[in-house]
Amino acid sequence: MKLALGLLLGGLIWAETHGAVAIKGARIITVSGDELAKGTVVMRNGLITDVGAMVTVPADAWVIDGSGLTVYPGFIDGLSSWGIPAPATPRGGSQTPAATTTAEPRARGPEDRPQTYSFERAADLVSPSDTRLETARAAGFTSAATYPTRGIFQGLGALIDLAGERGRDMVVVQPIGQDISFRQGGFGRTGFPGSLMGNISYVRQLFLDLDQYERAKAIYAGNPAAGRRPEYDHALEGLAESPRVLLPAEEVQQIDRMLNFGPELKKPFILYGLHEAYERIDELKQAKAPLLVSLKWPEKPKEADPSDVASFRELTLRDNAPKVPGLLAKAGVRFAFYTDGVESAADLKKALKKAVDGGLGRAETIRALTLSAAEMYGVADRLGSIDKGKIANLVVMKGEAFEEKTTVEYVFVDGEQFQPSKDSQKEPAAGGRKGSAPGEEIR
Amino acid sequence: MGQRNWMLALCAVVLSATGTFAQTILIRNATVMTVTKGTIQNGSVLVQNGKISAVGKNLSAPADATVVDAAGKFLTPGIIDCHSHTAVEGSVNEGTVSDSSMVNIKDVINPTDINIYRALAGGLTVSNVLHGSANAIGGQTIVIKLRWGKKANEMLFEGATPGIKFALGENPKRQGYPAQGFFNQGPTPERRYPGTRLGVEEVIRQSFTEAKIYQAEWQAYNEKVARGEKAIPPRKDLRLEPLVEVLEGKRYVHAHCYRADEILMLLRVADEMGFKIRTLQHVLEGYKVAKEIAAHGAGASTFSDWWSYKAEAYDATPYNAAIMMRKGVVVSLNSDSDELQRHLNLEAAKTMRYGGLNENEALAMVTINPAKQLGIDDKVGSIEVGKSADLVLFDQYPLSGFSKAQKVWIDGHEYFDREKDIETRPEFEKKKKALEDKEAAEAPAGRRRNGAAGSDAKDAPIAEERR
């Protein structure tokens with residue numbers, strides 16, 4: 001009954017705040033500079049117009065008393081599918097052959113461009129109707145690097161803000177990259193590729209094709225009379241537009257593999273996953289590739305077969321994975337976090353606490369959720385810290401981001417205010433996807 | 001994972017650390033079975049800088065040498081397996097197409113596969129890691145040294161010629177399965193070509209015909225560029241590149257086969273297309289066409305006494321290896337199995353019972369002969385000065401069923417020591433217990449966002465077809 005009422009109320013309530021807003025007398029974690037023990041931040045027209053200890057609050061501003069509150073830059077999910085409506089069939093699990101979700105004909109080789117959606121744009125797919133956005137905002141997220149999740153070449157990602165009236169309001173920058181997956185089909189069912197090695201060879205071939213395509217186009221443009229024009233290739237156009245690629249690298253052999261494979265592609269690459277990276281800190285430092293660490297720390301499976309004995313390696317992984325961020329920070333390696341499904345406020349706090357307990361400083365933890373992700377995607381001039389001129393994405397908490405009892409009081413996305421309900425921040429009910437939470441209107 | 005498995009995994013973690021620096025080692029008082037230069041009673045082998053620097057009687061130890069007293073024990077070259085699928089991550093077959101030469105085993109070696117360590121424990125030091133046999137032309141293959149604890153790249157056998165797997169007979173003519181399962185519960189909308197043995201031959205001929213055209217295209221382009229003309233380069237085709245390498249003799253063909261007729265077919269196609277078959281794999285009917293195999297110059301890598309597991313593998317004999325050898329074929333015995341690879345010395349011993357080979361000829365089947373087949377016999381395969389110090393110390397006569405490998409060295413590094421393994425087990429058990437206790441109250445986890453590179457396709461059992 002209570003749930004039904006919550007759904008009726010429709011979750012978080014949108015508050016139009018076209019005038020200035022000032023949060024006064026709050027502790028402000030700017031991330032880019034020093035923390036302000038007692039400061040004021042002013043927003044107008046979706047931008048931060050002023051921040052500091054001695055700030056004049058505009059006469060027309062709606063003032064929030066910040067005493068006892070902490071203001072952080074809005075959190076950024078470094079790799080997400082938020083905002084993109086879920087496909088009809090399940091996705092994500094490595095057991096699911098990606099192509100079975102589509103009506104593609106059986107591919108006979110790379111020339112058929114199997115499972116290739118390199119041209120699909122997250123920016124065209126995002127919609128504010130995705131119910132996960134409310135959950136994400138309630139946890140303190142205001143932005144995400146969001147990517148489609150279909151196929152091997154999954155499409156062009158977009159950096160989005162997690163609110164807007166229409167999808168196009170949400171897009172901050174696009175395209176930001178191409179997420180490449182290494183899911184595998186089975187023998188003879190989905191067509192090529194049906195194995196990890198086939199998948200790798202296909203990715204390699206497509207990048208070689210891209211190289212040839214671009215050269216051929218340039219040569220043709222120089223002298224169109226010399227021969228027939230190169231054929232237009234949708235898949236390669238999407239790839240050409242990708243400023244960077246994202247490669248999954250969870251276990252140690254996958255990290256090694258992708259550190260070798262990434263440079264072959266001749267595009268900047270980001271590695272993600274990285275739970276076993278404690279074995280490869282030096283190598284990752286040398287590679288200089290930006291890293292996205294999954295916040296979904298490996299844990300003992302919930303419904304494990306009692307006769308399954310975890311290996312020493314698995315146990316070590318579960319124990320050491322949350323230490324990875326701390327080790328990376330100590331070594332001076334660039335990294336940011338991505339939620340990997342850890343979306344609720346309660347789960348996020350727990351996951352961040354684990355990283356802190358694993359040796360990551362509190363300031364570094366916030367940085368990995370904000371400015372580091374913005375830098376990785378080249379949007380640090382507009383997102384990731386509390387500075388004059390940046391997009392007014394803020395999260396205001398009572399307590400620190402890693403503490404269990406902390407509550408999110410206000411969230412600002414593009415200067416628009418959201419006030420997550422208390423219910424939405426509690427431990428979610430077991431099972432099922434977290435949807436709308438009951439909200440309360442302010443003002 | 002059973003108890004035994006993780007125990008070995010634990011021990012393997014620590015032992016890998018022992019193989020980190022090259023020592024000077026003198027192994028003395030051993031029965032040194034060199035394979036190529038006879039057997040030395042009370043012999044010694046000196047290892048320096050990863051190489052065998054002296055072999056003989058009464059060698060004196062340099063000041064910095066670690067001396068291993070091997071009284072009563074037997075020293076052999078490291079065992080070499082010419083047909084392995086060990087340490088392959090993901091499916092061993094790219095079975096969706098009939099020519100999958102674009103895939104490369106090198107991309108998917110998983111150096112953390114515990115089977116590497118278990119194979120070491122059986123004296124294996126080198127493996128020819130092959131693609132499966134689901135297609136007429138399978139994937140690119142590589143030779144690895146079992147340097148347990150190292151990264152995949154560090155396991156590659158330096159300078160070994162890469163290969164490509166071919167397959168003849170029943171496996172490559174499978175056309176796929178119904179979408180809903182094995183028993184015709186659903187339609188198989190697009191069947192894979194070919195469906196006959198004739199078609200397998202045609203696939204190989206077709207692919208090499210394409211490879212020749214491709215080779216010519218690149219030659220023409222290179223000539224144009226050399227003349228200073230501006231030309232659009234041909235598309236680089238990862239499927240045809242390795243076949244051009246085969247035509248140019250830069251890549252070996254390892255061909256899975258059983259029947260005499262298909263063996264002759266392949267030799268004819270190779271002659272026609274102008275390339276060589278380096279090894280015939282399994283080759284259970286090789287005894288029928290040994291002269292033809294020898295004339296082509298192909299090696300044969302077979303099983304000791306394993307057949308009748310499928311229709312095309314019935315007309316077999318345990319004398320196969322010996323007969324082919326006597327007809328002038330370089331013959332090796334292989335494992336094709338993560339289990340069998342742990343006791344290839346015993347497979348070799350069977351050729352003494354079936355075929356009357358002497359002990360050197362028998363050991364050669366798993367040492368110098370596979371080395372010759374893989375083109376690495378100048379570096380490994382026997383105990384000779386100048387070769388890599390890939391050595392196995394057996395506690396007993398290695399061609400006896402009671403023998404166990406005690407120590408295994410690769411390039412002079414010790415990668416396995418049975419006593420150390422056993423000694424360190426309680427300590428690992430303790431560490432593991434501590435970790436288990438620590439996480440006792442951990443919360444459950446959900447699913448991952450993406451299939452990370454390398455997660456296994458557990459729903460594809462057919463993809464594991466190998467033999």
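Each chain gets a letter, A, B and so on, in the order its sequence line appears, and its residues count up from 1.
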| query | How long is the span from the NE2 atom in B/H131 to the OG atom in A/S195, to the nearest 0.5 Å? | reply | 6.0 Å

| request: Using the side chain to side chain contact (heavy atoms under 4.5 Å, CB included) rule, take B/N153 and A/D256 through it: C-alpha gap first, then chi angles, then the decisive distance, then the call. | output: CA-CA 9 Å; B/N153 276 355; A/D256 290 345; over 6 Å; no

| Side-chain heavy atoms of B/K236 within contact of A/D209, under 4.5 Å | no

| query | So what's closer than 4.5 Å to chain B heavy atoms on A/E283: side chain, backbone, both or neither? | reply | side chain

| remark: To the nearest 0.5 Å, atom NZ of A/K300 lies from atom CD of B/E439 at 5.5 Å

| Hey, is B/D107 close enough to A/R257 for a salt bridge, meaning N to O under 4.0 Å? | no

| note | Applying a strict 4.5 Å limit to non-hydrogen atoms, the region of A/R215 in contact with chain B is side chain

| message | I need the A/F312 CZ to B/E436 CD distance, nearest 0.5 Å. | response | 10.5 Å

| request: Give, as side chain, backbone, both or neither, the part of A/R204 having an atom under 4.5 angstrom from any heavy atom of chain B. | output: both

| task | Indicate yes or no: at least one non-hydrogen side-chain atom of A/D319 is less than 4.5 angstrom from one of B/K438. | result | yes

| said: With side chain to side chain contact (heavy atoms under 4.5 Å, CB included) as the criterion, how do A/N199 and B/E94 come out once you've worked through the C-alpha distance, each side chain's angles and the decisive distance to 0.1 Å? | reply: CA-CA 9 Å; A/N199 201 327; B/E94 177 53 54; over 6 Å; no

| Pairwise distance OG(A/S311) to NZ(B/K432) - rounded to 0.5 angstrom | 7.0 Å

| Heavy-atom check, side chain of B/N93 versus side chain of A/M197, under 4.5 Å | no

| task | Give, as side chain, backbone, both or neither, the part of A/T339 having an atom under 4.5 angstrom from any heavy atom of chain B. | result | neither

| Any idea which of A/G198, A/P230, A/S201, A/G222 has the most non-hydrogen atom pairs under 4.5 angstrom with chain B? | A/S201

| query | Out of curiosity, A/I200 CD1 to B/L238 CG, how far, rounded to the nearest 0.5 Å? | reply | 12.5 Å

| Short N-O contact, B/R235 and A/E111, less than 4.0 angstrom | yes

| How far does CE of B/M102 sit from CG of A/L208, to the nearest 0.5 angstrom? | 12.5 Å

| field | Side-chain (A/Q212) to main-chain (B/P233) donor-acceptor, under 3.5 angstrom | value | yes

| field | Crowding at NZ, B/K151 (>12 non-hydrogen neighbours, <6.0 Å) | value | yes

| task | Measure distances from A/D211 to the heavy atoms of chain B and classify the residue's part below 4.5 Å as side chain, backbone, both or neither. | result | neither

| query | Tell me, side chain or backbone of A/V342 under 4.5 Å from chain B's heavy atoms, or both, or neither? | reply | neither

| message | Is any side-chain heavy atom of A/Q253 closer than 4.5 Å to one of B/E89? | response | yes

